[in-house]
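Written below as structure tokens is the structure these notes are about.
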Amino acid sequence: MKGALTWGGVDCVELARRFGTPLYVFDESVIRARCAEIREAFLERWPGTSACYASKAFLTMAMARIVKREGLGLDVVSGGELHTALAAGFPPSRIELHGNAKSEGELRAALAAGVGRIIVDGVMELELLAALTAETGRRADVLIRVAPGVTPHTHAHIVTGHAGSKFGLPIEGGLLEGAVKLALASPGLTLRGFHFHIGSQIFEENSHVESVRRVAALMGRMKSALGYETEELNFGGGFGVGKMPDVPGVPGAEPHAPLCRFTDAMMKTLERAGPQRPVVTIEPGRWVVAEAGITLYTVETVKRLPGVTYVGVDGGMPDNPRPALYQAEYAGLVANKADVLPVEQAAIAGKCCETGDILISSIALPPVERGDLFAVFNTGAYNFSMAGNYNRLPRPAVVLARNGQANVIVARQSYDDLLAGERIPEND
Ligand SMILES: Cc1ncc(COP(=O)(O)O)c(C=O)c1O
């Protein structure tokens, strides 16, 4: 690499000049490589499986198109995500709707579109959905989300399948059995099976494997107690991604965790549990898209204090709330000095009025000055999708780069966009 980092074959200095900063940049080839790995290491290795990309990680119409072309399904979790997918021409039959607090409107929209699966989170939702199918004459294929009672090693805010979780129904106790009976008795519903998702950023496969073991036992209990044979089991996502991307040419690039490390262990556990294995679906989000994305910032200030140096950049927690939310760790480099040796440690500070708005707490940097370009790696997942407008900072543009070509797929918000929809009361 000479001087400047390139992303998707485009020089980052050129990207910043053309599109401004802060800027999200995605390398499409990385997304496609991960999708290809899903096909080769999971779908082809284990017949009777399917994969949905968890769109909460990053969704725009252009992203929905990529997923469609790659032949995967799409997990959506709200009316907004469903609307985006349909607007992009994503086939409804390959969409599954999630959510622990779905509105009646969201359920009606899913029924009207004819989505492939609705993952029901609780008894009240099941009753509402049964009533809506009776009223509209539409049918729904459903899975019931269960909480296997497993607590993986990750941040407490991103575990989801533990006992007492707000997601799903516990596998122990009578609630779940009641829900299965209700689904089986509802003429408009076809109960296809169960779903679990135990959390995000999980690096060891043991929690996933233990969840499979517990849910397989549950399937056995449902068969003996109710004669119910599970047709489908959805393993969720949560496969962890480190701080550095597995992208050739990037200084410090690191190999990514292969998907099969998780999926082989889970599939073998399920096959050992009984002769009739259900159809299995996975729902990776971060694993598909995190490494494809970087965020480019302009350095606005360098403040050298006794004991700490702050490099202040033109974005921060509005475009990446994850460090402030749950101490997510990131790596990066000075993109226009990618080949210059480090000389000092510094913190990368966001520009918001919060002491906690620190993107990276300590990183070795070359001599850094105002006007330099700082790139944060692995921001492809849960950055754009969690972005906000704190301190009235407009949301950055999103650029998709491929083979040296860069296209804006989401325009930068303007100051006037921030005012869109606002009204001053007439009697003011
Ligand atoms: C139901 C469900 N499936 C899949 C995912 C994707 O998780 P990850 O991006 O960690 O793979 C999530 C994330 O919250 C989820 O809630």
Side-chain angles (χ1 to χ4, degrees), residues 31 34-35 37-38 42 50-59 63 67 72-78 81-82 85 94-102 106 110 115-122 125 142-148 150 152-162 165-169 193-205 207-208 211-212 215 232-243 256-263 266 280-293 321-322 325-326 328-329 378-386:
I31 303 173
R34 296 297 172 274
C35 293
E37 186 172 332
I38 290 175
F42 180 62
S50 72
C52 291
Y53 163 65
S55 72
K56 70 206 75 181
F58 173 66
L59 183 64
M63 181 63 192
V67 178
L72 305 184
L74 201 69
D75 146 4
V76 303
V77 75
S78 69
E81 288 182 358
L82 177 61
R94 277 163 48 194
I95 296 177
E96 46 172 46
L97 177 70
H98 273 282
N100 69 301
K102 301 179 191 75
E106 286 170 330
V115 302
R117 294 288 178 273
I118 297 179
I119 288 80
V120 177
D121 195 84
E125 182 189 332
V142 302
L143 303 181
I144 297 177
R145 179 160 178 173
V146 299
V150 170
H153 295 288
T154 188
H155 193 280
H157 292 183
I158 48 176
V159 298
T160 55
H162 53 294
S165 166
K166 75 166 183 172
F167 299 103
L169 293 173
F194 300 100
H195 172 284
F196 68 84
H197 169 79
I198 55 172
S200 269
Q201 275 301 57
I202 301 166
F203 290 91
E204 42 77 33
E205 64 275 25
S207 320
H208 280 94
S211 302
V212 173
V215 176
E232 293 177 21
L233 180 57
N234 189 318
F235 287 170
F239 315 124
V241 177
K243 287 197 280 186
H256 69 283
L259 185 70
C260 62
R261 178 171 152 199
F262 296 93
T263 48
M266 295 169 90
V280 172
T281 302
I282 54 168
E283 288 171 346
R286 181 191 315 275
W287 190 88
V288 175
V289 83
E291 292 167 273
R322 299 188 65 256
L325 265 180
Y326 31 72
E329 292 185 3
N378 289 9
T379 58
Y382 302 104
N383 276 220
F384 172 75
S385 49
M386 293 175 102

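Side chains are part of it too, since the values below use all heavy atoms of this structure and drop only hydrogens, waters and symmetry mates. Note that ligands are numbered from 1 as they come in the structure, with each ligand's atoms numbered from 1 the same way.
In this structure, Phe194 has no ring pair (Phe, Tyr, Trp, His ring centres under 6.0 Å) partners at least two apart in sequence or on a different chain. With sequence neighbours excluded, the residues satisfying side chain to side chain donor-acceptor pair (under 3.5 Å) with Arg34 are Glu291. Remark: Glu106 pairs with Ser78, Lys102, Ser103 by the side chain to side chain contact (heavy atoms under 4.5 Å, CB included) rule, at least two apart or across chains.
Pocket lining of ligand 1, defined as residues with a non-hydrogen atom under 4.0 Å away: Ala54, Lys56, Asp75, His98, Arg145, His195, His197, Ser200, Gly237, Gly238, Glu283, Pro284, Gly285, Arg286, Tyr382.
A donor atom on one side chain and an acceptor atom on the other are not found under 3.5 Å apart for Glu96 and His195.
Between the side chain of Glu204 and the backbone N or O of Ser207, at least one donor-acceptor pair lies under 3.5 Å.
For the side-chain hydrogen bond (donor to acceptor under 3.5 Å, both in side chains) with Glu283, the qualifying choice from Lys56, His197, His98 is His98, the only one to do so.
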